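The analysis underlying the following values was restricted to heavy atoms, covering all of them including side chains, and did not include hydrogens, waters or symmetry mates. Worth saying up front: this structure is predicted, and the values here are computed from it rather than measured.
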Amino acid sequence: MRHRSFGRLGWSVSEVGYGMWGMGGWTGSDDAESLASLDRAIALGCNFFDTAFAYGDGRSERLLGEAARRHKGAPLYLATKVPPKNRRWPGLAETPPGDVFPRDYVVDMTHRSLTNLGVERIHLQQLHVWSDAWVRDDGWRRAAEELKKDGAIEGFGISVNRWESENVLAALETGLVDAVQVVYNVFDQAPEDVLFPACLERKVAVIARVPFDEGSLTGALRLDSRWPEGDWRNLYFRPERLPETLARVDKLRRFVPEGSSLPDLALRFILHHPAVATTIPGMRKPGHVAANLAASDTAPLPEATIHGLRSHRWERDWKVV
């Protein structure tokens with residue numbers, strides 16, 4: 001497992017981290033299997049784990065806390081997120097900032113996450129939605145400063161709205177933001193344009209989320225793929241969207257190196273960019289853990305492959321979380 005420096009915080013983090021949304025309530029989640037997967041990841045050298053209070057109303061945080069206790073002494077970095085107070089995703093500019101991240105609420109939610117995780121300090125606390133329209137608001141600023149000063153958190157970050165990678169640049173100017181979490185994958189390449197250079201300039205760490213485009217880039221979806229009622233993937237992969245998605249995925253298969261896989265290609269594309277500190281695929285089965293973490297043991301993709309994949313950039317605005 002290769003490691004990278006996590007921006008100005010200087011942590012040495014595994015370049016393939018662990019995204020824990022699926023453990024918080026996606027259909028098919030099983031706590032015992034989730035814990036076994038976390039154990040396997042830690043054994044293979046993964047040390048960066050990203051969760052959120054909103055993932056199962058603290059369920060995912062509690063699972064991560066249990067896993068950390070089972071590996072006491074391992075150098076693990078735990079990241080979580082404060083849900084918007086109004087529970088609305090994505091963040092909208094017209095929403096008053098006091099309805100989303102008032103100071104007392106951010107502090108209280110951080111302490112609830114500390115309890116769920118069973119730790120005295122969270123390595124990285126993030127805001128789970130964002131709009132730069134809120135940048136001048138005193139509430140979130142005071143919370144970030146006070147939580148760091150009090151030792152409740154070490155770093156502070158923002159999870160950027162999907163397909164709005166530049167809607168955080170004003171926040172970076174405050175100097176309060178140590179990390180940005182953004183959707184970045186073979187299809188969603190827009191962060192390379194402006195956000196990544198800004199983060200490199202300011203030594204702000206980048207967490208690349210949704211590396212598999214919510215599953216399409218695993219190559220496992222079919223035209224008849226459906227999920228149980230209430231599973232959000234039914235919204236993301238609506239029947240009218242699946243045919244185009246699968247057609248685009250099929251065009252990527254020719255870039256997969258012999259003996260490799262589409263998920264491996266997807267991860268290695270993300271890791272080619274120097275701005276990325278870590279990427280966080282969701283993994284709920286030990287077999288998936290081993291396969292995904294192996295991307296860090298493989299040589300970087302050839303420049304010709306990167307160049308070919310750039311032509312598969314896909315500009316979307318599906319109005320989803």
Side-chain angles (χ1 to χ4, degrees), residues 17-38 41 49-64 67 79-84 86-92 116 126 128-129 159-164 181-188 207-250 261-263 266-267 279-289 291-292 314 316-321:
Y18 205 121
M20 297 184 59
W21 184 11
M23 294 182 180
W26 281 27
T27 53
S29 292
D30 176 84
D31 286 354
E33 188 171 51
S34 294
L35 286 169
S37 298
L38 290 167
F49 297 83
D50 178 81
T51 184
F53 184 88
Y55 300 165
D57 199 29
R59 176 184 176 187
S60 179
E61 290 181 328
R62 290 188 290 272
L63 284 168
L64 179 55
T80 190
K81 309 179 198 74
V82 178
N86 62 0
R87 296 303 195 269
R88 296 280 301 274
W89 279 267
L92 301 177
N116 286 334
Q126 304 159 94
H128 207 158
V129 300
S159 183
V160 184
N161 294 344
R162 189 185 299 263
W163 301 315
E164 295 183 14
Q181 184 171 146
V182 64
V183 173
Y184 176 59
N185 56 52
V186 173
F187 290 151
D188 299 307
I207 304 167
R209 77 178 194 264
V210 197
F212 300 138
D213 185 41
E214 309 297 6
S216 78
L217 292 172
T218 66
L221 299 190
R222 306 179 309 179
L223 283 172
D224 61 352
S225 290
R226 300 291 185 275
W227 295 268
E229 184 177 353
D231 191 305
W232 92 282
R233 285 169 290 184
N234 285 314
L235 172 64
Y236 191 80
F237 294 116
R238 294 173 186 167
E240 67 270 21
R241 294 173 176 170
L242 263 179
E244 181 181 8
T245 301
L246 296 181
R248 288 177 177 270
V249 170
D250 283 341
S261 67
L262 187 60
L267 290 173
T279 183
I280 49 171
M283 302 176 282
R284 291 184 291 167
K285 297 180 184 297
H288 293 161
V289 169
N292 290 336
W314 186 8
R316 291 177 286 181
D317 187 3
W318 285 353
K319 304 300 183 184
V320 297
V321 175

Practice prompt. Identify the residue among Asn116, Asp31, Thr51 that makes a side-chain hydrogen bond (donor to acceptor under 3.5 Å, both in side chains) with Arg59.
Written response: Asp31

Write down the atom of [X], the atom of [Y], and the distance for their closest heavy-atom approach.
X      : Y      : result
Gly17  : Pro281 : O-CD, 3.6 Å
Leu38  : Ala67  : CD1-CB, 3.8 Å
Phe212 : Pro263 : CE2-O, 3.4 Å
Pro243 : Leu223 : CA-CD2, 3.8 Å
Phe237 : Gly215 : CZ-N, 4.5 Å
Ser216 : Leu262 : O-CD2, 4.5 Å

How long is the span from the [atom1] atom in [X] to the [atom2] atom in [Y], to the nearest 0.5 Å?
X      : Y      : atom1 : atom2 : value
Arg222 : Leu246 : CZ    : CG    : 10.5 Å
Thr245 : Arg238 : OG1   : CZ    : 12.0 Å
Trp21  : Trp232 : CH2   : CH2   : 4.0 Å
Asn292 : Ser261 : CG    : OG    : 8.0 Å
Leu217 : Asn185 : CG    : CG    : 5.5 Å
Glu61  : Leu63  : CD    : CG    : 10.5 Å

Practice prompt. Step by step, work out the side chain to side chain contact (heavy atoms under 4.5 Å, CB included) result for Tyr55 and Lys81.
Written response: CA-CA 9 Å; Tyr55 300 165; Lys81 309 179 198 74; 3.1 Å; yes

Item to complete: Dump the intermediate steps for side chain to side chain contact (heavy atoms under 4.5 Å, CB included) on His128 and Val82, then the final yes or no.
Response: CA-CA 6 Å; His128 207 158; Val82 178; 5.9 Å; no

With a 3.5 Å distance limit and no angle check, can you tell me whether [X] reaches the backbone of [Y] through a side-chain donor-acceptor pair?
X      : Y      : answer
Asn161 : Glu164 : no
Arg241 : Trp318 : yes
Ser60  : Met20  : yes
Arg209 : Val160 : yes

Worksheet entry | CA sep, side-chain torsions, deciding dist, call: Glu244, Arg316, salt bridge (charged side-chain N to carboxylate O under 4.0 Å, His left out) | CA-CA 12 Å; Glu244 181 181 8; Arg316 291 177 286 181; over 6 Å; no

Worksheet item: What class does the angle between the rings of Tyr236 and Trp163 fall in, given that below 30° is parallel, 30 to 60° is tilted and above 60° is perpendicular?
Response: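 Plane angle under 30°, so parallel.
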
Response to the item:
Between Tyr18 and the options Thr279, Asp50, Val289, the side chain to side chain contact (heavy atoms under 4.5 Å, CB included) test singles out Val289

Item to complete: In sequence, state the C-alpha distance, the side-chain angles, and the governing distance for Glu33 and Lys285, and then conclude on salt bridge (charged side-chain N to carboxylate O under 4.0 Å, His left out).
Response: CA-CA 6 Å; Glu33 188 171 51; Lys285 297 180 184 297; 3.4 Å; yes

Item to complete: Take Gln181 and Ile280, measure what side chain to side chain contact (heavy atoms under 4.5 Å, CB included) needs, and give me the verdict at the end.
Response: CA-CA 10 Å; Gln181 184 171 146; Ile280 49 171; 3.6 Å; yes

Practice prompt. Please tell me if the side chains of Ile207 and Gln126 come closer than 4.5 Å, counting only heavy atoms from C-beta onward.
Written response: yes

Worksheet entry | Atom CZ of Arg88 with >12 non-hydrogen neighbours under 6.0 angstrom | no

